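Working notes for the structure below.
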Amino acid sequence: MTDTAAQGPAPDDDREVLTTRQGHPVADNQNQRTVGARGPATLENYHFLEKISHFDRERIPERVVHARGAVAYGHFEATGKLGDEPIERYTRAKLFSEAGKRTDLAIRFSTVIGGRDSSEAARDPRGFAVKFYTEDGNWDLVGNNLGVFFIRDAIKFPDVIHALKPDPVTFRQEPARIFDFMSQTPEATHMLVNLFSPRGIPANYRTMQGFGVNTYRVNADGETHLVKYHWMPTVGVASLTEADAAAIQANDLGHASKDLYDRIEAGEFPEWDLLVQIMSDEEHPELDFDPLDDTKVWPENDFPPQLVGRMTLTSNVAHHFAENEQIAFGTGVLVDGLEFSDDKMLVGRTFSYSDTQRYRVGPNYLQLPVNQPKAPVRTNQQGGPMMYGVDDAGANPHVNYEPSVTGGLREAQAASPDEIGSQITGRVTRARIPLTNDYQQAGERYQLMEEWEKDDLVANLVANIGEAVPEVQQRMVWHFLMADDELGGRVGEGLGISADAVRDLEPLPSQTLSDEEEKRQANLGANGPRDVTGLTMTHCVPDEHVVVGG
């Protein structure tokens with residue numbers, strides 16, 4: 001018998017030669033070094049040890065949330081305007097400044113709760129994260145497809161994710177656990193109405209909306225405005241029912257990633273318009289919601305979304321791990337002209353997202369090509385595991401600190417006054433926002449749904465809440481009756497719980513009802529439908545039902 005090492009390559013084989021990571025040519029990739037053909041392996045078998053030890057480390061910790069996702073590349077083209085006005089009135093961010101100005105970008109679509117190999121047809125919020133490689137450095141706009149979130153304070157983020165994740169004992173996602181938490185979290189009512197409707201299962205990534213969710217600021221030479229970001233697919237919105245999703249999942253766990261990849265490869269480039277809502281940067285006592293509350297949307301008839309540009313996706317990744325697993329986003333990644341707001345959830349996300357990347361990928365994750373800015377990078381940061389390169393530290397390589405009179409780097413000229421936004425006065429405290437209004441927008445959203453969306457929402461809520469204990473079922477019916485009589489009545493009917501059965505429930509100890517909410521509670525089940533005359537809310541766009549089931 002002749003071993004591979006003795007055979008040599010065929011005379012006409014002109015392929016490149018396999019090497020180790022040290023650059024050593026590999027003559028035999030079939031057999032370890034052993035003492036005799038049947039003998040024990042030798043410890044000095046470097047090729048084998050390098051190969052197997054790297055294999056043992058091929059995976060990094062998967063994301064706790066957004067583990068499954070798909071990445072693509074493209075560009076953003078600005079209009080140079082906010083609606084009909086020059087955009088420079090609102091922000092000096094250069095990527096928006098000129099009509100036709102293009103900025104390269106990467107986008108990652110994802111599911112939130114499932115693991116890396118989970119189904120893309122599951123009912124789950126979808127991540128919608130865009131990394132703009134601007135001339136002033138990276139800007140990450142990190143949101144979801146539903147426009148709101150379950151909670152308004154980041155201290156509850158581990159709790160809501162634990163409730164949505166599999167049971168720590170059975171490792172099954174249990175609706176009883178989910179609604180146990182949600183029943184005690186009235187601010188989640190709006191998100192639940194969206195999530196358990198067909199919008200909770202987009203037909204694919206190309207036909208779903210994206211939202212920044214949090215409220216941000218934009219800055220034009222010290223004058224600031226509050227802003228909400230919206231992505232609208234140019235082909236329209238399309239969603240699935242539970243039955244449609246089950247039919248897809250029976251044959252394919254990754255249908256959305258495949259659809260995105262195939263369309264881009266075929267030259268059918270997906271597009272989204274970026275629209276923004278603008279509000280003056282001050283307190284707004286005239287509103288019936290807090291504009292910094294991420295469980296709320298801004299009514300579009302009062303704050304119309306205005307076009308600022310279009311995103312087009314034109315290429316796929318060359319390597320899934322390098323560009324999908326290792327791409328890293330953070331809500332704190334902003335460029336000049338874009339600012340944080342005082343949104344409590346935004347502050348918490350800003351720490352958590354970047355902290356996650358330092359744990360998952362390593363402290364030098366920003367040196368990886370997919371994360372690296374296309375703008376010049378000059379820092380005094382150095383060392384750390386897997387340092388991929390040396391940042392430009394200026395003309396004198398001996399100076400890795402600042403300030404210095406012997407070289408090194410200097411500070412930039414500030415683009416505007418450092419003091420921005422409204423003046424805040426208050427004592428340090430632990431308190432929820434005063435204006436919660438947890439039910440109004442949830443009820444209005446239900447009344448603005450298409451009939452097939454309403455029917456699917458009710459069926460999904462009944463099926464899932466029905467697995468919870470009676471106390472949870474009753475409280476959820478109470479919440480939905482507080483939101484809208486029709487919604488609460490239909491869910492209650494499906495569960496066999498009438499309005500009379502929950503009428504005497506007191507508000508949760510954590511709740512303080514407004515005068516309007518106390519009136520609704522006193523007349524529970526007999527308030528009539530929410531009046532949505534003339535109201536336009538986020539998501540009030542046609543939703544195509546993609547029928548897959550029989």
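All of these numbers come straight from a predicted model, not from anything done at the bench. Values reported hereafter were calculated over all heavy atoms of this structure, with side chains retained and with hydrogens, waters and symmetry mates removed.
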Please report the C-alpha distance between V276 and V218 in whole Å, then the side-chain angles of each, then the deciding distance to 0.1 Å, and finally whether the side chain to side chain contact (heavy atoms under 4.5 Å, CB included) criterion is met. CA-CA 11 Å; V276 299; V218 288; over 6 Å; no
**OP:** Output yes when a side-chain donor or acceptor of R126 lies under 3.5 Å from a complementary backbone atom of N204, and no otherwise.
**Re:** no
Of all heavy-atom pairs linking Q473 and I465, the shortest is CG-O, 3.3 Å
Is the shortest distance from a Lys or Arg side-chain nitrogen in D294 or K228 to a carboxylate oxygen in the other one below 4.0 Å? no
Review point. Aromatic rings H545 and W452: how do their planes relate, parallel, tilted or perpendicular, breaks at 30° and 60°?
Key: parallel
Taking D485 for its side chain and G488 for its backbone only, find out whether a donor-acceptor pair lies under 3.5 Å.
no
Contacts satisfying side-chain hydrogen bond (donor to acceptor under 3.5 Å, both in side chains) that involve residues 185-200 (not counting sequence neighbours) are N194-R445, R199-Q209, R199-E453, R199-D543
Original post:
Side chains of T295 and D293: is there a donor and an acceptor less than 3.5 Å apart?
Top reply: yes
Whether F132 and F76 hold their rings parallel, tilted or perpendicular, with breakpoints at 30° and 60°:
perpendicular
Has N527 got a side-chain atom pairing as donor or acceptor with N523's backbone, closer than 3.5 angstrom?
yes
(message) V148 vs V297, test: side chain to side chain contact (heavy atoms under 4.5 Å, CB included). Steps then yes/no.
(response) CA-CA 7 Å; V148 293; V297 296; 3.6 Å; yes
Within the 4.5 Å heavy-atom criterion, are P363 and P385 side-chain neighbours or not?
yes
key: Atom NE2 of H162 with >12 non-hydrogen neighbours under 6.0 angstrom   = no
Point to revise | Working for side chain to side chain contact (heavy atoms under 4.5 Å, CB included), residues W231 and L274 | key: CA-CA 5 Å; W231 293 103; L274 179 60; 3.6 Å; yes
Closest non-hydrogen atoms of Q521 and L505, given as atom of the first, atom of the second and distance, are NE2-O, 3.2 Å
Q.
Please verify the inter-ring angle class for F196 with F179; under 30° counts as parallel, over 60° as perpendicular, anything in between as tilted.
A. tilted
inquiry  = Assess whether a salt bridge exists between E268 and R206, defined as any Lys/Arg side-chain N lying under 4.0 Å from an Asp/Glu carboxylate O.
reply    = no
- [ ] Please check if atom CD in E493 has more than 12 non-hydrogen atoms from other residues, nucleotides or ligands closer than 6.0 Å.
- [x] no
task = Please report the C-alpha distance between E486 and Y446 in whole Å, then the side-chain angles of each, then the deciding distance to 0.1 Å, and finally whether the side chain to side chain donor-acceptor pair (under 3.5 Å) criterion is met.
result = CA-CA 9 Å; E486 180 187 336; Y446 173 77; 2.8 Å; yes
One should read off an interatomic distance between T536 OG1 and N301 CG, to the nearest 0.5 angstrom, of 5.0 Å
Original post:
Does H319 use its side chain to pair, donor to acceptor, with the backbone of F321 at less than 3.5 Å?
Top reply: yes
Notebook entry, point to check: With a cut-off of 6.0 Å (strictly less than), are more than 12 heavy atoms of other residues, nucleotides or ligands near CD of E283?
Noted result: no
Could you check whether any side-chain heavy atom of Y205 comes within less than 4.5 Å of a side-chain heavy atom of I107, counting everything from C-beta outward? no
Between P202 and the options N145, L146, T207, V237, the side-chain contact (heavy atoms from CB on, under 4.5 Å) test singles out N145
With D484 as partner, the option from R490, Q440, Q447 fulfilling side chain to side chain donor-acceptor pair (under 3.5 Å) is Q447
* To do: Kindly say whether the aromatic ring centers of W139 and Y229 come within a distance under 6.0 Å.
  => yes
State whether the number of non-hydrogen atoms from other residues, nucleotides or ligands found under 6.0 Å of F269 atom CZ is greater than 12.
yes
In this structure, CD of E323 is separated from OH of Y73 (nearest 0.5 Å) by 3.5 Å
(request) Check the surroundings of atom CD1 in I52: do more than 12 heavy atoms from other residues, nucleotides or ligands lie under 6.0 Å from it? (result) yes
Fill in: V472 backbone acceptor or donor facing S183 side chain under 3.5 Å
no
Take Y216 and L338 through the side chain to side chain contact (heavy atoms under 4.5 Å, CB included) test and state the conclusion after the steps. CA-CA 8 Å; Y216 290 85; L338 309 179; over 6 Å; no
Does a side-chain heavy-atom distance below 4.5 Å link L275 with Q306?
no
Point to revise | Salt bridge present between K258 and E120 (N-O < 4.0 angstrom) | key: no
Distance col, row H479:NE2 vs Y439:OH, nearest 0.5 angstrom, shows 4.5 Å
With a 4.0 Å cut-off, would you call D500 and R503 a salt bridge? yes
- Beyond-backbone contact of D117 with L253, side-chain heavy atoms, under 4.5 angstrom: no
Tested for side-chain contact (heavy atoms from CB on, under 4.5 Å) against V142, the lone hit among T331, V333, V130 is T331
Quiz question: by atom type and distance under 3.5 Å, do the side chains of S341 and D343 form a donor-acceptor pair? no
State whether R430 and D153 are salt-bridged, where the test is any N-O pair (Lys NZ or Arg NE/NH1/NH2 against Asp/Glu carboxylate O) under 4.0 Å.
no
Within 45° cone of F329 ring axis and under 6.0 Å: K131 NZ or CZ
yes
Check your understanding: With distance as the sole test, does N464 use its side chain to make a donor-acceptor pair with the main-chain N or O of P175 at under 3.5 Å?
Key -> no
Scanning both residues in full, the closest heavy-atom pair of R152 with K296 reads NH2-NZ, 3.5 Å
Counting N and O atoms only, with roles assigned by atom type, does the side chain of R217 sit under 3.5 Å from a partner on the main chain of H225, one being a donor and the other an acceptor? no
* Asked: Okay, side chain of N138, backbone of N371: is any donor-acceptor separation there less than 3.5 Å?
  -> yes
I151 and M345 have their tightest heavy-atom pair at CD1-CE, 3.9 Å
* To do: Mind running side chain to side chain donor-acceptor pair (under 3.5 Å) on D244 and T241 for me, showing each step along the way?
  => CA-CA 5 Å; D244 301 319; T241 65; 2.7 Å; yes
Would you tell me whether T512 and R432 have side-chain atoms, one donor and one acceptor, within less than 3.5 Å of each other? yes
Report task. Test R360 against E325 for salt bridge (charged side-chain N to carboxylate O under 4.0 Å, His left out), laying out the working first. Result -> CA-CA 10 Å; R360 288 184 62 249; E325 283 299 304; 3.6 Å; yes
Scanning both residues in full, the closest heavy-atom pair of G115 with S118 reads O-OG, 2.7 Å
message: Between D456 and N460, is there a side-chain donor-acceptor contact under 3.5 Å, judged purely by atom types and distance?
response: yes
Here the pair of heavy atoms bringing P186 nearest to L508 is CD-CD1, 3.7 Å
dist T538:OG1 -> M232:CE (nearest 0.5 Å) comes out at 8.5 Å
Subject >> Side-chain donor or acceptor of W478 paired with backbone N/O of P507 under 3.5 Å >> reply: no
(request) State whether the number of non-hydrogen atoms from other residues, nucleotides or ligands found under 6.0 Å of F351 atom CZ is greater than 12. (result) no
query = Hey, is the main chain of Y365 close enough, under 3.5 Å, to the side chain of Q326 for a donor-acceptor pair?
reply = no
